[in-house]
Amino acid sequence: MRTDRAGDLRAGDVDRAVALCGWVAGRRDHGGVVFLDLRDAGGVVQVVVDPDAATGLDAHTIRAEYVLRVEGTVRHRPEGSTNPDLATGAVEVAARTVELLNRAEPPPIPIGERVEADEVLRLRYRYLDLRSERLQRNLRLRARVNHALRASLDEQGFVEVETPMLIASTPEGARDFVVPSRRHPGSFYALPQSPQLLKQLLMVGGIDRYYQIARCLRDEDLRADRQFEFMQLDAEMSFADGDDVMAVIGDAVRAAVVAATGREAPPIGRLTWQEARDRFGTDKPDLRVLLEIVDVHEVLAATAFRAFQAEAVRGLCVPGGAELGRGRLDALIERAKGLGAAGLVWMRVRDGAELDSPVARHLTDDERLGIIDAFGAQPGDLLLLVAGALGTVASVLGALRVEVAHPVDPPDLALAWLVDFPLFEGLDDDGHPIAAHHPFTAPHPADRDLLEHATGADLLAVRSRSYDLVLNGWEMGSGSVRIHDPDLQARVLAVLGIDESRARERFGFLLDAFGYGAPPHAGFAVGIDRLVAILAGEDNIREVIAFPKTQSGTDPLTGAPSGIDARQLRDLGLSVIRRT
RNA sequence: GGUCCUGUGGUGCAGUUUGGAGUGCACGCCGCCCUGUCAAGGCGGAGGCCGCGGGUUCAAAUCCCGUCAGGACCGCCA
C-alpha cells in the first residue's frame with residue numbers, strides 16, 4: 001500500500017517514486033497549487049498538488065485529518081522555500097495521484113504540539129490525541145524503555161514469568177480491587193497490588209532469577225504520579241543480597257535511560273534514609289537541587305523565644321532569596337502550615353549580619369550571629385526556619401526545598417539508591433509497630449538485638465534491608481532482602497502483633513512454602529510509568545499512558561466505571577445497596 | 001474525608017476584583033478570491049443555557065449558597 005513513511009523522506013530520496021499513506025495534518029490552499037502536510041507514524045512531509053495535475057481527487061475539497069494515499073515523486077524544494085523546522089523540510093512530494101481512503105469530521109481538539117486542550121476532552125478523544133507528536137513520542141519512548149529493561153534482565157539470566165491477575169485478597173497494604181466469583185457466590189478474587197508473594201513462591205520453586213513487566217492495581221486515590229493500574233518491572237533473585245539486586249536493577253535502569261535519551265546514563269549514588277531525611281527532608285530527594293537543610297538546634301538550644309523551643313529547629317538558606325516579596329513569603333508560610341508546620345519563620349540577611357525578620361527582636365545577638373554562621377548565609381540570602389517535631393520539620397522543609405529552588409532543566413537526571421530504611425513506621429493503636437514495607441522485609445543485621453529485645457517505640461529504630469531507587473525526586477521503585485528464616489519471620493510477625501493463626505490465615509501458603517527450603521532471596525520493583533514520565537520530560541504519568549483515567553478514576557472515553565445489568569448481578573450473587 | 005485552582009460559541013483565552021445589552025482576541029468551521037505556502041493570505045458569514053441549581057438585586061458571566069466536572073496537593077498509597 002505504501003513504499004515509505006512520510007516522515008522518513010530526505011534529500012537522498014529525491015527523484016524516487018513513492019507511495020505514502022497518512023492523515024492530513026494541515027493544508028494550505030492557494031486556489032491553484034495546494035500544499036498538504038501528510039502525517040504518519042514517521043512524521044510529516046509536504047505534498048504538493050499542482051493545479052494542472054490530474055490526481056483523481058479535487059485537492060480543494062481535502063480537509064484536516066482526511067486519510068489519504070498519495071503517489072508521487074520526491075523532489076527538492078525550490079530555492080528559498082525549504083523548511084528547517086521539519087525533518088523532511090528539504091524535500092516535498094509532487095503528487096501524481098491522491099486517493100481518498102477516508103473522510104474525517106473536524107477534530108474537536110487540536111492535534112498538534114502547539115496548543116493545550118482541556119484534559120477531559122483529550123481523554124474523551126484519546127484516539128485523536130494519540131496522533132499528536134507528544135503522545136507518539138512518549139509511547140514510542142515507553143516501548144524502547146520496556147524493551148531495554150527486558151533485554152537487560154534477559155542478558156543477566158532472568159526468566160520472564162507471568163503471574164495471575166486473579167488472586168486471593170490479603171488484607172495488608174493498599175485497598176484491593178476485587179472481582180466477584182460466579183462459581184463461588186459471595187467469594188471474591190483480588191487483582192494484584194503487586195506480584196510480591198507470587199514471586200517469592202517462584203524463588204522457593206527454583207526459578208532463581210525472575211522478572212516480569214507486571215500490571216499492578218491499587219484502589220487508592222489518584223495523583224499526578226499514581227493511577228489505579230500501573231506497570232512495574234518486577235524482579236526477584238535467589239542466593240542474592242541487596243547489593244546484587246541494586247547492581248542488576250541499576251544496570252537495567254541505566255540501559256533504559258540510554259535507550260530513552262541516547263545519552264550516557266548517570267551513575268547511581270547511594271545514601272542512607274537517615275542522611276536523606278537530615279539533608280533533604282524526604283526519602284525521595286530531588287538531588288538536582290543542591291540546597292540542603294541546616295540544623296540550627298544547637299545555636300538555639302538556650303533560646304528564650306518559645307517558638308524555637310522544640311525538638312527540632314532546622315532551616316533552608318535560599319541564596320539571593322531576600323528579594324522575595326511579602327506575598328511570596330506569606331504563600332510559603334501558608335504552604336508550610338498546610339504541610340503540618342506550626343509556622344514558618346523567614347529572615348532576610350542584610351549587610352552587617354543584620355536579620356530582617358518578624359522574630360528578630362526575640363533573638364539575642366549571639367543567636368542571630370549563630371544562625372547566620374550555621375547557614376553560611378550571605379547578605380541578600382533568605383532563611384526559612386521551621387521548629388517542631390523532627391519528622392514534621394524535616395518533611396516541611398523537604399517540600400519547601402524543591403519549591404524555593406530555581407527550576408532545573410528537565411534533561412538532568414539524578415539517580416540514587418536510598419538504603420537502611422526503618423523497618424517500621426509508627427505504632428498502631430495497640431502499640432505494635434507498623435511494617436514500613438511489608439512483613440517479609442529482612443531487618444538490618446546490625447539491629448537484630450534491638451529487634452529481639454526492644455519494645456514499643458524503641459523498635460522504631462530498627463532498620464531494614466530495604467532500598468528505594470529515586471530519580472529527580474520521584475520514588476522510582478523499592479525492594480528488599482526478604483526474610484527466609486522461619487524463626488526470624490516468626491519474631492517479626494510477633495513484633496507486628498500478627499499472631500500465628502492470623503498469619504496463617506493471611507499468608508499461610510507463603511509460610512508453608514518457606515518450610516520446604518526457601519533460598520535466601522531479594523528483589524525489587526521499578527515503577528515504569530514514573531520512569532518513562534521522567535525520561536519523557538513529563539510531570540504527569542497520564543502523558544505516558546495510552547488510556548489513563550482521571551483523578552476521580554473515570555475514563556471519559558469508555559465511560560468506565562459503569563453499571564452492569566441485573567442479570568450480571570444475579571449471576572454473581574450480588575445486589576447493589578444505594579447509599580444515601 | 002480535606003485544602004486550593006479552573007469551568008465563557010467547536011478549541012484556547014480575556015471579561016468576574018468595582019453587577020449595567022453575550023462585549024472582545026486568536027484558532028477552527030462555512031462561502032468566495034487567490035500558483036510556493038508551511039501558524040499561508042484577503043473578503044464575508046455562521047456559531048453562546050457564560051458547567052448546573054438556588055438566592056440577593058430594578059438588573060448577575062460578575063456577588064452569596066449549593067452542586068457537578070477537571071486539575072494540583074494533604075490524608076491514603078504494606
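Keep in mind the model is a prediction, meaning the values are calculated, not measured. Naming: A, B, ... by sequence-line order, numbering from 1 per chain.
To the nearest whole angstrom, the two C1' atoms, one in B/rC25 and one in B/rG31, are 23 Å apart. Taking atom C1' on both B/rA60 and B/rC50, the two are 11 Å apart, rounded to the nearest angstrom. Atom P of B/rG53 sits at a distance of 24 Å from the matching atom of B/rU16, rounded to the whole Å. Rounded to a whole angstrom, the distance from the C1' atom of B/rG66 to that of B/rU56 is 15 Å. Taking atom P on both nucleotides, B/rA21 is separated from B/rC63 by 16 Å, rounded to a whole Å. Across B/rU35 and B/rG71, the matching P atoms stand 48 Å from one another, rounded to whole Å. Nucleotides B/rG12 and B/rG28 place their C1' atoms 11 Å apart, quoted to the nearest Å. With C1' as the reference atom, B/rG2 and B/rU23 are 39 Å apart, rounded to whole Å.
For the 3.5 Å distance criterion, the side chains of A/Thr61 and A/Asp58 fail to qualify, holding no donor opposite an acceptor. Of the N and O atoms on the side chains of A/Ser480 and A/Arg482, at least one donor lies less than 3.5 Å from an acceptor on the other residue. Donor-acceptor pairing under 3.5 Å is lacking for the side chains of A/Tyr467 and A/Asp420.
Evaluation of the salt bridge (Lys or Arg N to Asp or Glu O under 4.0 Å) rule for A/Asp225 yields A/Arg530 as partners, not counting sequence neighbours. A/Gln274 pairs by the side-chain contact (heavy atoms from CB on, under 4.5 Å) definition with A/Thr272, A/Arg277, A/Asp278, not counting sequence neighbours. Applying the salt bridge (Lys or Arg N to Asp or Glu O under 4.0 Å) rule to A/Arg27 yields no partners; only residues at least two apart in sequence or on another chain are considered. Qualifying side-chain contact (heavy atoms from CB on, under 4.5 Å) partners for A/Ala341, counting only residues two or more places apart in sequence or in other chains: A/Ala336, A/Val386, A/Val396. In this structure, the side-chain contact (heavy atoms from CB on, under 4.5 Å) partners of A/Ala454, at least two apart in sequence or on a different chain, are A/Leu450, A/Asp458, A/Leu459. By the ring pair (Phe, Tyr, Trp, His ring centres under 6.0 Å) test, A/Tyr189 pairs with no residue at all, sequence neighbours left out.
In this entry the distance linking CG of A/Leu36 with P of B/rG36 reads 16 Å, nearest Å. One can place CG of A/Leu121 at 11 Å from P of B/rG9, the figure rounded to the nearest angstrom. Remark: C1' of B/rC77 and CG of A/Asp176 are 12 Å apart, rounded to the nearest angstrom. One interatomic measurement links the two molecules: NZ of A/Lys284 to P of B/rC77, which rounds to 13 Å at whole-angstrom precision. Residue A/Tyr66 contributes atom OH, which lies 11 Å from atom P of B/rC29 at whole-angstrom precision. A/Glu65 has its CD atom 14 Å from the C1' atom of B/rU11, to the nearest Å.
With hydrogens and angles left out, the side chain of A/Arg75 and the base of B/rG36 share a donor-acceptor pair within 3.5 Å.
Across all strands shown, the partner of B/rA72 is B/rU3, judged by Watson-Crick or G-U wobble contacts whose two distances both fall under 3.5 Å. Across all strands shown, B/rG41 pairs with B/rC33; the Watson-Crick or G-U wobble distances both stay below 3.5 Å. Shown here, B/rU67 forms a base pair with B/rG51; the pair counts as Watson-Crick or G-U wobble because both key distances fall under 3.5 Å. Using Watson-Crick or G-U wobble geometry with both donor-acceptor distances under 3.5 Å, B/rA59 finds no partner in any strand shown. When both distances must be under 3.5 Å, the Watson-Crick or G-U wobble mate of B/rG9 does not exist. In this structure B/rA46 sits in no base pair that meets the Watson-Crick or G-U test at under 3.5 Å. The nucleotide B/rU23 finds its pairing partner in B/rA14, both defining distances of the Watson-Crick or G-U wobble pair being shorter than 3.5 Å.
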Run the side-chain donor-acceptor check on residues 41-53 of chain A: report pairs under 3.5 Å with partners two or more places apart or on a different chain.
residue: A/Gln46; atom: OE1; partner: A/Arg28; partner atom: NH2; Å: 3.0
residue: A/Gln46; atom: NE2; partner: A/Glu92; partner atom: OE1; Å: 3.1

Side-chain donor/acceptor pairs under 3.5 Å, residues 489-499 of chain A, sequence neighbours excluded:
residue: A/Gln489; atom: NE2; partner: A/Pro439; partner atom: O; Å: 2.9
residue: A/Arg491; atom: NE; partner: A/Leu451; partner atom: O; Å: 3.2
residue: A/Arg491; atom: NH2; partner: A/Leu451; partner atom: O; Å: 2.9
residue: A/Arg491; atom: NH2; partner: A/Glu452; partner atom: O; Å: 3.1
residue: A/Asp499; atom: OD1; partner: A/Ser501; partner atom: N; Å: 3.2
residue: A/Asp499; atom: OD1; partner: A/Ser501; partner atom: OG; Å: 3.0
residue: A/Asp499; atom: OD1; partner: A/Arg502; partner atom: N; Å: 2.9

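Only A/Ser81, A/Thr82, A/Asn83, listed by number, bring a heavy atom of residues 79-88 of chain A to less than 4.0 angstrom from any atom of RNA chain B.
Counting non-hydrogen atoms under 4.0 angstrom, A/Pro51 reaches a base of the nucleic acid.
Residue pairs that meet the salt bridge (charged side-chain N to carboxylate O under 4.0 Å, His left out) test with at least one member in residues 119-128 of chain A, sequence neighbours left out, are A/Glu119-A/Arg542, A/Arg122-A/Asp129, A/Arg122-A/Glu543, A/Arg126-A/Asp129.
Take the nearest nucleotide of RNA chain B for A/Ile434 and for A/Arg77: the residue whose nucleotide is more 5' is A/Arg77. Nearer the 5' end of RNA chain B, as judged by each residue's closest nucleotide, is the contact made by A/Pro106, out of A/Ala436 and A/Pro106.
Taking the centre of each ring, A/Phe440 and A/Phe507 come in below the 6.0 Å mark.
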### Task
Can you check each nucleotide of nucleotides 69-76 of chain B against protein heavy atoms at under 4.0 Å and return B for base, S for sugar-phosphate only, - for none, in 5' to 3' order?
-SBBSBBB
Tabulated below should be each protein N or O lying under 3.5 Å from an N or O of nucleotides 40-42 of chain B; please produce it.
residue: B/rA40; atom: N6; partner: A/Asp29; partner atom: O; Å: 2.7

